[in-house]
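Inspection log for the structure reproduced underneath, given as structure tokens.
All values reported here derive from a predicted model rather than from experimental measurement.
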Amino acid sequence: MTTPPPHGQNPYAQTPPPPAGQQAVQPGVPPQGAPYAPFPAQGAPVPPPPAPAKRGGKKPLRVIAGVLVAIIIALVKFGGAWGLGWFFSRSDAETTSVGACMHNDGTDSDADLNEVDCSSGDAQYKVVEKFDDTSDDTKCETVTDATIYYVQSGNAHDVVLCLKEVK
């Protein structure tokens with residue numbers, strides 16, 4: 001027969017539970033709920049910082065490409081070949097403005113007006129008035145400085161230029 005252990009000792013050699021409201025602490029193990037992680041070993045390499053987040057660089061390009069495709073589709077659908085043809089065949093008479101200078105690369109009966117710099121020797125005429133969406137050549141009769149007029153009509157984009165000769 002064996003003798004019982006003395007009073008207050010644990011027969012299995014375990015540590016007694018801590019008093020109420022306290023946690024048990026084992027040697028070499030930080031207590032649970034510690035506010036900070038342990039420090040890394042001194043002299044250990046520092047890990048590199050995380051790579052910066054990528055910005056969405058291709059999204060604006062996709063939006064712009066989509067808009068351009070939509071415009072081209074609309075031109076083809078609603079303007080047909082005429083819509084694209086009109087855009088690329090506009091003459092200087094259609095795109096010029098009042099105060100610009102013109103040079104006739106054609107003849108008086110078959111004029112081919114092109115916009116030139118007013119200070120160049122090629123300038124023959126100066127635009128003093130412009131009337132869009134008309135082919136009425138009498139419009140220039142009321143323009144006092146006009147000495148000659150140019151009418152371009154056809155393809156639904158008519159224009160009348162009232163010109164004065166440059167001396």
Side-chain angles (χ1 to χ4, degrees), residues 23 29-167:
Q23 292 184 351
V29 178
Q32 289 184 345
Y36 301 103
F39 288 107
Q42 295 295 325
V46 177
K54 280 187 163 183
R55 299 181 83 189
K58 291 188 179 183
K59 187 174 183 179
L61 292 176
R62 289 181 182 163
V63 170
I64 291 171
V67 169
L68 289 176
V69 168
I71 289 172
I72 291 171
I73 289 172
L75 281 174
V76 170
K77 183 174 181 177
F78 298 111
W82 180 84
L84 290 174
W86 172 82
F87 181 77
F88 291 115
S89 69
R90 295 185 303 169
S91 69
D92 284 353
E94 295 170 85
T95 59
T96 193
S97 58
V98 173
C101 291
M102 308 294 285
H103 176 77
N104 185 6
D105 288 327
T107 64
D108 287 342
S109 60
D110 187 23
D112 180 20
L113 292 181
N114 292 303
E115 191 169 330
V116 295
D117 190 307
C118 289
S119 63
S120 77
D122 290 338
Q124 292 175 304
Y125 307 103
K126 187 169 190 172
V127 180
V128 291
E129 191 65 58
K130 179 180 176 182
F131 298 98
D132 287 312
D133 301 322
T134 185
S135 59
D136 183 8
D137 59 0
T138 62
K139 295 253 186 197
C140 291
E141 291 176 1
T142 59
V143 180
T144 57
D145 291 339
T147 57
I148 193 168
Y149 64 90
Y150 172 78
V151 178
Q152 178 178 301
S153 61
N155 292 335
H157 49 97
D158 301 337
V159 65
V160 175
L161 296 179
C162 304
L163 309 167
K164 77 174 180 178
E165 294 181 46
V166 176
K167 295 180 182 175

Thr134 meets the side chain to side chain contact (heavy atoms under 4.5 Å, CB included) criterion, sequence neighbours left out, with Phe131, Asp136, Lys139, Val160
Across all chains, not counting sequence neighbours, the side chain to side chain contact (heavy atoms under 4.5 Å, CB included) partners of Thr144 are none
If only atom types and distance count, is the side chain of Thr147 paired as donor or acceptor with the main-chain N or O of Glu165 below 3.5 Å? yes
For residues 96-135, the disulfide bond (SG atoms under 2.5 Å apart) pairs (sequence neighbours left out) are Cys101-Cys118
Find the distance between OG (Ser153) and CG (Asp158) and round it off to the nearest 0.5 Å. 5.0 Å
Tell me, do Lys130 and Asp132 make a side-chain contact under 4.5 Å, heavy atoms counted? yes
Sequence neighbours left out, what passes side chain to side chain donor-acceptor pair (under 3.5 Å) with Thr142? Give chain and number order. none
Please answer whether the main-chain N or O of Ile148 pairs with a side-chain N or O of Lys164 as donor and acceptor at a distance below 3.5 Å. no
Working to the nearest 0.5 Å, report the span between SG of Cys140 and CG of Asp145. 11.5 Å
Between the CG atom in Leu163 and the OG1 atom in Thr96, the distance rounded to the nearest 0.5 Å is 9.0 Å
Table please: side-chain donor-acceptor pairs of residues 122-129 below 3.5 Å, with sequence neighbours left out.
from, atom 1, to, atom 2, distance (Å)
Gln124, OE1, His103, ND1, 3.3
Gln124, OE1, Asn104, N, 2.6

Of all residues at least two apart in sequence or in a different chain, which pass the salt bridge (Lys or Arg N to Asp or Glu O under 4.0 Å) check with Asp110? none
